[in-house]
Chemist: 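This is the structure, below, for whatever I ask next.
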Amino acid sequence: MEQMKVLVVGLGLIGGSMCKAMRRFTNHLVYGYDTDGAVLEQAVRDGTILEAVPKSGFHEFDLIMVCLHPRAAKAFFDAHIPDFRPGAMLTDVCGIKGALVEHVTELAAEYGQRYVGMHPMAGKERFGYPFSDGSLFLGANCIITPIPQTSKAAVCILEQLVHDLGFAHIVETTPEGHDAMIAYTSQLAHVVSSAYVKSPTLEQENGYSGGSFQDMTRTATLNEEMWASLFLENRKPLLFELNTLIENLQAYRDAIDRDDYTTLVELLRDGRIRKEQNLLSHAKDRRE
């Protein structure tokens with residue numbers, strides 16, 4: 001892949017990890033921009049980026065990757081797209097695509113630039129630059145969200161970059177399809193984990209917990225400002241998933257309350273079979 005001069009905007013967990021992965025697995029020249037000067041200084045000392053870039057230097061980059069929360073990402077694009085050079089390629093890593101993709105695609109086209117939305121499906125229970133990791137994306141999934149106006153050449157460039165960073169599976173879908181699926185596969189799990197740890201029993205769990213507890217509570221140590229923004233930006237799909245979960249939980253609760261062994265076995269069997277079929281489908285996809 002031809003060497004690019006890349007600017008990563010926002011050196012948090014994902015942005016910092018993107019910089020480290022590009023430095024480790026590609027020959028691209030990686031620079032950074034962040035409002036936190038201490039983070040930029042640390043990133044330069046670590047060798048994560050070659051240099052910190054001032055706002056006056058945005059014009060010189062081939063690829064600008066915005067690693068901010070959805071509202072902050074939109075505000076950044078609105079403010080700075082005129083500062084990027086014609087022909088530059090733009091992308092973001094926001095967990096919600098929705099109207100952002102169409103808005104930035106149209107805005108970038110006005111200035112002769114190409115935008116492609118993406119969402120790396122990787123993360124940690126901790127956030128911020130200190131937890132960034134160049135290995136974060138190895139074996140992970142990445143979602144690309146082109147629309148009819150999206151440059152096919154730009155999609156190919158981004159997919160090659162994603163492949164080079166170690167992602168194992170790349171999915172192309174619409175922004176709306178992305179948001180509906182993410183409500184189920186990611187956002188719902190974070191809501192459930194946050195609610196789960198609010199039981200008063202949490203205070204006595206030490207010594208009683210195992211893998212199930214760790215799996216259920218891992219994502220409760222989230223970045224509340226980022227996730228609140230993501231939840232509200234994706235209200236309709238997330239409410240659908242929450243309502244579905246509440247209905248299912250009520251069925252389990254009612255069976256337990258009635259001491260109804262037969263119904264409870266049926267509910268548990270149905271859950272087991274659905275997950276086994278899900279695992280078989282994943283295994284089939286890997287073979288193909």
Side-chain angles (χ1 to χ4, degrees), residues 1-34 40 43-44 47-68 70 72-95 97 100-101 103-120 122 129 132 134 136-137 140 142-147 149-167 170 172 175:
M1 186 177 185
E2 185 176 345
Q3 187 183 67
M4 295 187 292
K5 194 169 185 179
V6 180
L7 173 64
V8 176
V9 178
L11 301 189
L13 173 65
I14 300 300
S17 297
M18 281 288 180
C19 292
K20 290 178 179 179
M22 280 189 276
R23 294 280 282 163
R24 177 176 174 183
F25 298 115
T26 78
N27 68 340
H28 301 310
L29 305 175
V30 184
Y31 297 77
Y33 174 79
D34 197 287
L40 287 172
V44 173
T48 299
I49 58 175
L50 293 172
E51 292 179 17
V53 177
K55 290 181 181 179
S56 59
F58 289 169
H59 191 268
E60 57 191 84
F61 292 94
D62 304 307
L63 171 65
I64 296 92
M65 181 182 293
V66 177
C67 301
L68 302 172
K74 180 180 181 298
F76 183 86
F77 281 125
D78 286 345
H80 295 295
I81 274 185
D83 302 328
F84 307 143
R85 70 169 180 81
M89 183 172 157
L90 318 179
T91 190
D92 71 280
V93 300
C94 293
K97 302 330 267 190
L100 178 70
V101 171
H103 173 74
V104 181
T105 299
E106 293 177 356
L107 186 60
E110 293 180 20
Y111 293 89
Q113 300 147 1
R114 301 167 295 167
Y115 164 82
V116 185
M118 75 166 174
H119 181 194
Y129 176 78
S132 60
L136 184 64
F137 310 114
C142 188
I143 306 171
I144 308 291
T145 57
I147 58 177
Q149 306 95 296
T150 304
S151 162
K152 291 181 172 56
V155 171
C156 290
I157 291 170
L158 187 60
E159 290 188 349
Q160 182 60 57
L161 174 62
V162 164
H163 178 269
D164 292 344
L165 298 183
F167 286 90
I170 302 171
E172 282 191 27

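No hydrogens, no waters, no symmetry mates; every other heavy atom, side chains included, goes into these values.
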Chemist: Could you work out, with side chain to side chain contact (heavy atoms under 4.5 Å, CB included) as the rule, every residue matching Glu51, not counting sequence neighbours?
Modeler: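 With sequence neighbours excluded, Glu51 shows a side chain to side chain contact (heavy atoms under 4.5 Å, CB included) to Tyr31, given in chain and number order.
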Chemist: For Asp62, enumerate each residue passing the side chain to side chain donor-acceptor pair (under 3.5 Å) test, keeping only those at least two apart in sequence or located in another chain.
Modeler: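 Asp62: side chain to side chain donor-acceptor pair (under 3.5 Å) contacts with Arg85.
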Chemist: Working to the nearest 0.5 angstrom, can you tell me the gap between Phe84 CZ and Ile64 CD1?
Modeler: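 Answer for the CZ-CD1 pair, Phe84 versus Ile64, is 5.0 Å.
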Chemist: For the atom pair SG (Cys19) and CD1 (Ile14), what is the distance rounded to the nearest 0.5 Å?
Modeler: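 CD1 of Ile14 is found 11.5 Å from SG of Cys19.
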Chemist: Rounded to the nearest 0.5 Å, what separates atom NZ in Lys97 from atom CD1 in Ile143?
Modeler: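 Going from NZ on Lys97 over to CD1 on Ile143, the span is 9.0 Å.
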Chemist: Considering residues at least two apart in sequence or located in another chain, which fulfil the side chain to side chain donor-acceptor pair (under 3.5 Å) criterion with His103?
Modeler: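 Applying side chain to side chain donor-acceptor pair (under 3.5 Å) to His103 gives Asp78.
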Chemist: Can you establish whether the number of heavy atoms outside Glu2 located under 6.0 Å from its atom CD is more than 12?
Modeler: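 Count not over threshold, so no.
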Chemist: Just wondering, do Thr48 and Leu11 contact through their side chains at under 4.5 Å, heavy atoms?
Modeler: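 Leu11 does not reach Thr48 side chain to side chain.
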Chemist: Quick one: side chain to side chain contact (heavy atoms under 4.5 Å, CB included) partners of Ala153, sequence neighbours excluded?
Modeler: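 Ala153 satisfies side chain to side chain contact (heavy atoms under 4.5 Å, CB included) with Arg114, Ser151 only.
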Chemist: Sequence neighbours left out, what passes ring pair (Phe, Tyr, Trp, His ring centres under 6.0 Å) with Tyr129? Give chain and number order.
Modeler: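 Applying ring pair (Phe, Tyr, Trp, His ring centres under 6.0 Å) to Tyr129 gives none.
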Chemist: Only counting residues at least two apart or in another chain, list the ones meeting side chain to side chain donor-acceptor pair (under 3.5 Å) with His59.
Modeler: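 Partners of His59 under the side chain to side chain donor-acceptor pair (under 3.5 Å) test: none.
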Chemist: For residues Ser17 and Leu136, report the shortest heavy-atom separation together with the two atoms involved.
Modeler: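 So the two residues come closest at OG-CD2, 3.5 Å.
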Chemist: Could you work out, with side chain to side chain donor-acceptor pair (under 3.5 Å) as the rule, every residue matching Glu60, not counting sequence neighbours?
Modeler: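 Only Lys5 meet the side chain to side chain donor-acceptor pair (under 3.5 Å) criterion with Glu60.
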Chemist: Quick one: does any side-chain atom of Thr91 pair with a main-chain N or O of Val116 as donor and acceptor, under 3.5 Å?
Modeler: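 Flag set: sc Thr91 to bb Val116 pair under 3.5 Å.
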Chemist: Is any side-chain heavy atom of Val9 less than 4.5 Å from a side-chain heavy atom of Val53?
Modeler: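 No - every pair of side-chain heavy atoms lies 4.5 Å or more apart.
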Chemist: Do the side chains of Val30 and Met18 get nearer than 4.5 Å, heavy atoms only?
Modeler: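 Met18 vs Val30: side chains apart.
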Chemist: Using a 4.5 Å cut-off on heavy atoms from C-beta on, say whether the side chain of Ile144 contacts that of Ile170.
Modeler: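 Yes, close enough: below the 4.5 Å cut-off.
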Chemist: Looking at CG of Leu165 and CZ of Phe25, how far apart are the two atoms once the value is rounded to the nearest 0.5 Å?
Modeler: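 Rounded to the nearest 0.5 Å, the CG-CZ separation comes out at 8.0 Å.
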Chemist: If you compare all heavy atoms of Cys94 against all heavy atoms of Ala73, which two are closest, and at what distance to 0.1 Å?
Modeler: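 Smallest heavy-atom distance, with atoms named: SG-CB, 3.5 Å.
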Chemist: Which atoms form the tightest heavy-atom contact between Leu90 and Ala108, and what is the distance?
Modeler: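 Leu90 and Ala108 have their closest heavy atoms at CD1-CB, 3.9 Å.
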Chemist: Can you sort out the partners of Ala140 under side chain to side chain contact (heavy atoms under 4.5 Å, CB included), two or more places apart, ordered by chain and number?
Modeler: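 Once residues adjacent in sequence are excluded, the partners of Ala140 under the side chain to side chain contact (heavy atoms under 4.5 Å, CB included) criterion are Ala122, Phe167.
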Chemist: Scan for salt bridge (charged side-chain N to carboxylate O under 4.0 Å, His left out) pairs involving residues 19-33, sequence neighbours excluded, and state none if there are none.
Modeler: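 Every candidate salt bridge (charged side-chain N to carboxylate O under 4.0 Å, His left out) pair involving residues 19-33 fails, so no pair, neighbours aside, qualifies.
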Chemist: Specify the closest pair of heavy atoms between Val8 and Gly15, including all atoms of both residues, with the distance to one decimal.
Modeler: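 That would be CG1-O, 3.7 Å.
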Chemist: With side chains defined as the heavy atoms from C-beta onward, is the minimum distance between Pro175 and Ile147 less than 4.5 Å?
Modeler: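 Result yes, sub-4.5 Å side-chain heavy-atom pair found.
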Chemist: Measure the shortest side-chain to side-chain distance between Thr26 and Met1 over non-hydrogen atoms and say whether it is less than 4.5 angstrom.
Modeler: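 A side-chain contact is absent here, since even the closest heavy-atom pair is not under 4.5 Å.
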Chemist: CZ of Phe61 to CG of Asp83: how many Å apart, nearest 0.5 Å?
Modeler: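 One finds 12.0 Å between CZ of Phe61 and CG of Asp83.
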Chemist: Using the ring pair (Phe, Tyr, Trp, His ring centres under 6.0 Å) criterion, which residues pair with Phe76? Sequence neighbours excluded.
Modeler: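 Once residues adjacent in sequence are excluded, the partners of Phe76 under the ring pair (Phe, Tyr, Trp, His ring centres under 6.0 Å) criterion are Phe58, His80.
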Chemist: What are the two closest non-hydrogen atoms of Pro120 and Val93, and how far apart are they?
Modeler: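 It is CD-CB, 3.6 Å.
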Chemist: Closest heavy-atom contact between Leu68 and Gly10?
Modeler: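 That closest heavy-atom pairing would be CD2-CA, 3.9 Å.
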Chemist: Measure the shortest side-chain to side-chain distance between His28 and Leu63 over non-hydrogen atoms and say whether it is less than 4.5 angstrom.
Modeler: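 No. Closest side-chain heavy atoms not under 4.5 Å.
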Chemist: So how far is it from Cys142 SG to His163 NE2, rounded to the nearest 0.5 Å?
Modeler: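 Result: 12.5 Å between the selected atoms.
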Chemist: Considering only NZ, NE, NH1 and NH2 on the basic side and carboxylate oxygens on the acidic side, decide whether Lys74 and Asp92 come within less than 4.0 Å.
Modeler: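 Between Asp92 and Lys74 there is no salt bridge, as every charged N stays at least 4.0 Å from the carboxylate O atoms.
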Chemist: Check the pair Leu161 / Met22 against side chain to side chain contact (heavy atoms under 4.5 Å, CB included), numbers first and verdict last.
Modeler: CA-CA 9 Å; Leu161 174 62; Met22 280 189 276; 4.2 Å; yes
Chemist: Report yes if some heavy atom in the side chain of Leu107 is under 4.5 Å from a heavy atom in the side chain of Gln113; otherwise report no.
Modeler: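 Side chain of Leu107 against side chain of Gln113, heavy atoms only: no contact under 4.5 Å found.
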